[in-house]
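Atom set for the values below is all heavy atoms of this structure, side chains included, hydrogens, waters and symmetry mates excluded. Reminder, nothing fancy here: chain letters follow the sequence lines and each chain counts from 1.
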Amino acid sequence: AQSVTQPDIHITVSEGASLELRCNYSYGATPYLFWYVQSPGQGLQLLLKYFSGDTLVQGIKGFEAEFKRSQSSFNLRKPSVHWSDAAEYFCAVKGRSNAGKSTFGDGTTLTVKP
Amino acid sequence: DTEVTQTPKHLVMGMTNKKSLKCEQHMGHRAMYWYKQKAKKPPELMFVYSYEKLSINESVPSRFSPECPNSSLLNLHLHALQPEDSALYLCASSQEGLAGMINTGELFFGEGSRLTVL
């Protein structure tokens, strides 16, 4: 069975500081990996995805993530956080042969201090 | 702007009411989903439709009844709900895999319908 762990429930950073959100997954092979962001009262928006090739993927809003097979990790990074980045962040995994079913982590709440 | 549109944005209903949530997408996606999300929790999958056929039902109580009238529309019919069913209901869509194509399955979400059951 596939699973996702986001070890940090809540992270607070100062505006302009760098950010790293952790994600570890469990899956028998290399899955598809995603980061989604959710602002209060909104739906989820895809930030970036990994499915093959270059292990460093670029996303929207200046985010990037690095797939590390040896560590079963897909951590999200941003070099300089903006106040508008405050939101809930979900890491998700989807099996390559499991049509239609993504598994989400429990999420990390990001607070940005002025 | 989201390309998945959900209506209504807010719904308050009593336990004896019948209501429906609606979802529409025009991206040509052939997979559509209903998720339920409680506060501070990840979305929980309820139903998946693939090519207008129900492909996944995550043991959802029968008081929730999904319907997919065509490839662009998805409804969730609600009847005799309980207060614990109060949540944000999210609709999503994704490309379905076609022969020879890579389907990475990223989800496109609507903004959700906030349901309160009194």
Point to revise | CE (Met15(B)) with more than 12 external heavy atoms under 6.0 Å | key: no
Review point. In terms of heavy-atom proximity below 4.5 Å to chain A, should Glu44(B) be classed as side chain, backbone, both, or neither?
Key: neither
Exercise for review: Pick one of side chain, backbone, both or neither for Tyr36(A), based on which atoms fall under 4.5 Å of a heavy atom in chain B.
Suggested key: side chain
Review point. Near Asp106(A) CG, under 6.0 Å, is it more than 12 heavy atoms from other residues, nucleotides or ligands?
Key: no
Review point. Considering only heavy atoms, which portion of Gln45(A) lies under 4.5 Å from any heavy atom of chain B: side chain, backbone, both, or neither?
Key: neither
**Study point:** Contact winner vs chain A - Gln37(B), Gln6(B), Glu58(B), heavy-atom pairs under 4.5 Å
**Key:** Gln37(B)
Practice item. For Lys9(B), check side chain to side chain contact (heavy atoms under 4.5 Å, CB included) against everything at least two apart and list the hits. Key: Glu111(B)
Review point. For Arg77(A), what residues pass the salt bridge (Lys or Arg N to Asp or Glu O under 4.0 Å) criterion, not counting sequence neighbours?
Key: Glu64(A), Glu66(A)
Exercise for review: Look at Pro43(B), Ala31(B), Ala92(B) and state which one has the largest set of heavy-atom pairs under 4.5 Å with chain A.
Suggested key: Pro43(B)
Check your understanding: Between His10(A) and Thr108(A), does any side-chain donor sit less than 3.5 Å from a side-chain acceptor?
Key -> no
